[in-house]
Amino acid sequence: MALSAVAVLLSVAFVCGTLVFTDTMNTTFDKLFGVTSANVTVTAKGAKDAEDNPNRGKPEVLPASAVEQVAKAEGVKSAEGGVVSMSVTVVNAENENMGSTTGAPTIAGNWSDNELKSMKITSGRAPRGPTEVMVDADTAKKHHLKLGDELRTIAITGDVRAKISGIATFTVTNPGAAIVYFDTATAQEKLLGGPGLFTHVNVDAKDGVSDDQLKQNVAKAVGADTYKLQTAKESADANRKDVGSFLDVMKYVMLGFAGIAFLVGIFLIFNTFSMLVAQRTREIGLMRAIGADSGQVLTSVIVEAFLLGLVGSVLGVGAGVGLAVGLMQLMGQMGMHLSTDDLTIAWTTPVVGLVLGIVVTVVSAFIPARRAGKVSPMAALRDAGTPGDRKAGRIRAALGLVLTGIGGAGLFLAAAADKAAAGSLWLCLGVLFTLIGFIVIGPLLAGLVVRVLSGIVLRPFGSVGRLAERNALRNPRRTGATAAALMIGLALVACLSVVGSSMVASATDELDKTVGADYIVQSQTGQPIMPQAEQALRATGNLDHVTAYREVEAKVTAPDGSVKDGGISVTDPTYAQDVRRKMIAGEHAAAYGSGAMSVGSLYADEHHVKVGDELTVAFAGGRTTRLKVAAITSDEGNLDKGVMYTSTATAEQFLPADRMPRPFMLLAKAADGKADAAYGAVKDALAQYPQYAVQNQTDYKQTLKDQVGQLLNMVYGLLGLAIIVAVLGVVNTLALSVVERTREIGLMRAIGLSRRQLRRMIRLESVVIALFGALLGLGLGMGWGATAQQLLALEGLKVLEIPWPTIIGVFAGSAFVGLFAALVPAFRAGRMNVLNAIASE
C-alpha cells in the first residue's frame, strides 16, 4: 500500500509542481512588466514591441521631438525618452559572452528615471560618457564582474568599449536577462546610430489622471495615428502574451508527461488491489457468511482506495511545492533567477492534485473491488489466496487481437498516406489502438514471449530458472499488467529515438547531397550578422566567395490572385553554387538575375505558376513590383523546402537601405586546395565575435545531432517519472506475490531450497517480467517511430535509421531494472522463518 501511495504521490507531485512552477514564472514576469511599464508608452507606429525587426540589427526609432510633443499633453507629469536594443552582444576582456545561457536576451539601453522603478544602484554610480557602462548585479555575480572591468558591446553601429562604473540590483526578480546601461547620448549614438533618436517615450501621469485618459490626451497632442500608444496594462499584457505562450507550451508538455505517469500508475494500483483482493478471498467469504452483502464489500475496497488516493495526493501536493522550489533553484543555477518570494500556489493547484490522485486511484481499484463484491460465502471454506488464472480468457484475447489489428491498419494507412496531415490522423489512431491492444492482449503474449525469453535467459540457471519462469507464467494477467506499465514508457522512448535518429540521418544525407559551401556562419541565438563581422569574413584570404542569406518580409500575389504572406529569401548569386537544388524548370542561377525570382514546386503546382510568369511582390517597408519567375525548385528535399529566392541586388532596388534586414547566415566557399587554411582563417577572422559559430559541414552535422540529442534527453528525463512508477509496479507485484506464496516458499525451503536460490528465483522472475515489458515496448515504439518517419519523408526527411545501440542499451538496462526491483522482495523472502511460513494461511 505504501508503494502504491508513492506512485500516486509522484504523479500528483509532478502535476502540482508543474502548475506551481509555471504560475510562479507568470507571477515573476507579471511583476516585472507591471513595475517597468510607464503609465503610457509611446513607440514608433508599426512597432510590435520595444525591439521590433531585430533582423535589421536595430529597433524602430522616434525623433527627439516626440518627447517634447508628448510632454505638452494635458495630464502629463513627465515624459522621458528611452533607448533599448536586444540586437547586441556583450563580452568581457577575455572575449567571453556575458549573455544568458537560458535563451533570455541581452539588453542594452540608457539609464533613466524609469529604470529606478525596478532597479537601484548598489555599487558605484550611473554611467557618464562613452567610456562608462553599468551592468545588472545578477550578470556581474554570474561572470565575476567588478567596478573598473572593461566590457565590449557589439552592436550594428560598431563596438563600444567601456569600463564598469556601477552595478544596479533589481528590486523585483530578474528572470535572467543580461542588461547593460549607457548614458542617453552614448546609447543613442552607439545603439541607434545617431543623436536625437529614441526607441520609446515613457509617460507618467499627474495625480488623478487615469492611464486611459492620459493615452487619449497624448493621442490628441501627437496625432492619433502618428505613433503607437499603449497604457501600462496594454504594454504589460502584450509582453505577458509573448512570454505566456512559451510558458503555456512548457506547462502542457510537462502535464502531458505527468498524464503518462498517471496512466502507468493505474496498472500499479490495479495490480495491487487485484492481489490484495485475491489474498483476502477467505476473509471476504467469512464477511459474506456473517451477513455482509456484495455492495458493502465493494464499498469497503473503494473506501480503502479512496483513503490511499487521499493520503498519496495530500503528500503529493506538498511534494509538488517542493519540486517547484527545486526547479526554481535549478533554473537559478542555469541563469534564470526566480525568487521564492514570488512562489505562487493557486487554490486550484491542490484541488486539481487531490481530484486527480483520488479519481485515478478509485477508478484503478474499481474492477478489483467488483471482483471482491462477487466473492461468495463458500469462499470461506477455501484456502487463502487463489491459484493463478493461467488463461487470459478467450474474449479478452479476441478483443485484444481486434484492437491490435485496427491499430496496425491505422499505422499502415499512415505509412501509405500521400499527405502528412491525413497521415497524422491515421498515425494517432494507430498508436492509440495498438497501445490499447497490446495492453489487452498482454496476458496472451505473456504465455508466448515469456517462454521464449525464459529459454534464453532463465534456462542456464537450471531448476531455479524454471521455477522463476513458472512463477511468471502462473498468472498471465498479473504479468501482463506489470509489464504493460513498463511497456508504455519504453515504447515512447523507442519511438522518439527512431524519429530523432531518422531526422538527423535525413538532414545529414540532404546536406551531403545539396550543400556545396564549405563553411556556415550563424548565431546560435538567432542574432543577425553584424556588418563588422561580415566585413571581417569577406576580408579573409583563401576564400573563393562569401554568400549572405537574408529573409525579407513580403506579400507575393500569384497570377490566380492568391496572396502568400510570408517572406522571400534574399541571397547573393553565389548561393546557386553553395546549395545544389534540384530544378523542375529553369536554372537556379537565373533566379538571381535582375527582376527575377524562383518559387518552389508545390507553390507552382498549387497556383499553376510556370517559368516566365510574373508575380506581384510587395516588400514590407518598401515598394511593390513584379518579378519574373526564372526557376522552379524541387520541394522533394528538406533543405529550404518551399522557399522563394531573389537576389540581394533586386531586393535593394525596392527596399530602402535602412529597411534591408541583416543576413542571419553567411556561407563561404574555400578556394581550390585551400580548405584547411581557409577554415583556420575564418575562425581567426570571427574570433572577436563569440556570438557567431563558424562550422564546416562536419561541425554543422554534429550540431544538428547534439541539438536533437539534447531534446531527446529532456524528453527521456520527463519519461523517467513514468518508468520509475513502472519499476514501483514491478516491486509491488513481486512483494505481494511473495506474501501470497508464503506457505509455498516455506515448503520449498523445507525440502532444500537455499536462501540464495530463493532470492535468485525472485530476481530472475523480475528480470523476465521486465524484459517482457521492454520487448513489447521497444517493438511497439519502433513500429510507431518507423511509421512517423514515413510521414516525415513526405516533408523531405527520407532516411529511416533505427538507433540500435540505444534500443539494445535500453533492453539490457531493463534487465538491471528487473534486478533492482527484486532486491527488497527477494531480501524479505530470504529472511522468512521456514516453520512460520509453512504454518501461514
Side-chain angles (χ1 to χ4, degrees), residues 1-9 11-12 262-263 265-317 351 353-393 395-396 399 439-440 443 474-478 480-482 484-485 728-729 732-733 735-743 839-841:
M1 296 297 283
L3 285 176
S4 299
V6 169
V8 177
L9 183 155
S11 301
V12 171
F262 267 116
L263 178 62
I266 288 174
F267 293 98
L268 188 161
I269 297 166
F270 173 82
N271 254 8
T272 298
F273 277 91
S274 294
M275 297 177 76
L276 288 175
V277 167
Q279 290 170 21
R280 296 174 186 168
T281 300
R282 188 174 183 183
E283 176 185 323
I284 294 171
L286 286 170
M287 291 172 62
R288 293 295 312 281
I290 62 174
D293 60 34
S294 60
Q296 289 174 315
V297 172
L298 184 148
T299 301
S300 71
V301 178
I302 291 294
V303 170
E304 187 177 356
F306 173 83
L307 293 175
L308 173 68
L310 179 63
V311 172
S313 299
V314 170
L315 295 175
V317 170
V351 170
L354 288 170
V355 170
L356 275 175
I358 292 172
V359 169
V360 166
T361 306
V362 171
V363 169
S364 303
F366 182 74
I367 293 179
R370 286 187 69 246
R371 290 178 186 166
K374 292 181 179 180
V375 173
S376 70
M378 295 301 293
L381 303 177
R382 293 204 304 264
D383 287 338
T386 56
D389 179 7
R390 296 182 177 276
K391 297 183 179 179
I395 295 177
R396 176 171 181 154
L399 178 61
I439 292 171
V440 174
R474 78 163 55 182
N475 195 320
R477 286 185 180 179
R478 181 188 305 167
T482 305
L728 291 178
N732 235 19
T733 299
L736 287 168
S737 67
V738 166
V739 175
E740 185 179 73
R741 302 200 298 256
T742 298
R743 188 175 185 186
S840 172
E841 293 186 359

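Because only heavy atoms are used, hydrogens play no part in the values below, and waters and symmetry mates are left out as well, while side chains stay in.
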| task | Starting from the C-alpha separation in whole Å, work towards a yes-or-no answer on side chain to side chain contact (heavy atoms under 4.5 Å, CB included) for S4 and V8. | result | CA-CA 6 Å; S4 299; V8 177; 5.8 Å; no
| said: If you compare all heavy atoms of M275 against all heavy atoms of L736, which two are closest, and at what distance to 0.1 Å? | reply: CE-CB, 3.4 Å
| Who are the side-chain contact (heavy atoms from CB on, under 4.5 Å) partners of V351, not counting sequence neighbours? | W347, V355
| note | The reported gap from NZ in K374 to CD1 in I284 (rounded to nearest 0.5 angstrom) is 13.5 Å
| query | So how far is it from F267 CZ to S274 OG, rounded to the nearest 0.5 Å? | reply | 12.0 Å
| Audit row: F262, V12, side chain to side chain contact (heavy atoms under 4.5 Å, CB included) steps and yes/no | CA-CA 8 Å; F262 267 116; V12 171; 3.9 Å; yes
| task | Working to the nearest 0.5 Å, report the span between CD1 of I269 and CG of L308. | result | 6.5 Å
| query | Say you draw a straight line from CD1 of I439 to CD1 of I266; how long is it, rounded to the nearest 0.5 Å? | reply | 9.0 Å
| What is the minimum heavy-atom distance between P368 and A365, and which atoms define it? | CD-O, 3.3 Å
| message | According to side chain to side chain donor-acceptor pair (under 3.5 Å), does anything in residues 353-362 pair up with another residue at least two apart or in another chain? List the pairs. | response | none
| request: Would you give the length of the straight line joining atom OG of S11 to atom CG of L268, rounded to the nearest 0.5 angstrom? | output: 9.5 Å
| said: Restricting to non-hydrogen atoms, name the atom on F273 and the atom on V301 that form the minimum distance, rounded to 0.1 Å. | reply: CD2-CG1, 3.9 Å
| request: Check side-chain contact (heavy atoms from CB on, under 4.5 Å) between I367 and all other residues, then give those that pass, not counting sequence neighbours. | output: F270, R371
| request: Would you mind listing every side chain to side chain donor-acceptor pair (under 3.5 Å) that reaches into residues 298-315, with sequence neighbours excluded? | output: R280-E304
| side-chain contact (heavy atoms from CB on, under 4.5 Å) partners for L3, two or more places apart | L728, V731, N732
| Which pairs, with at least one residue in residues 268-278 and sequence neighbours excluded, count as a salt bridge (Lys or Arg N to Asp or Glu O under 4.0 Å)? | none
| query | Under the side chain to side chain donor-acceptor pair (under 3.5 Å) test, which residues partner T482, sequence neighbours left out? | reply | N271, T733
| request: Report yes if the side chains of R478 and S737 come closer than 4.5 Å at any heavy-atom pair, otherwise no. | output: yes
Let me have the donor-acceptor pairs involving side chains of residues 291-298, under 3.5 Å, with sequence neighbours excluded, atom names and distances please.
unit_1 : atom_1 : unit_2 : atom_2 : d
D293   : OD1    : G295   : N      : 3.1
D293   : OD1    : Q296   : N      : 2.7
Q296   : OE1    : D293   : N      : 3.0

| task | Applying side chain to side chain donor-acceptor pair (under 3.5 Å), name anything that partners R288, two or more places apart in sequence or on another chain. | result | none
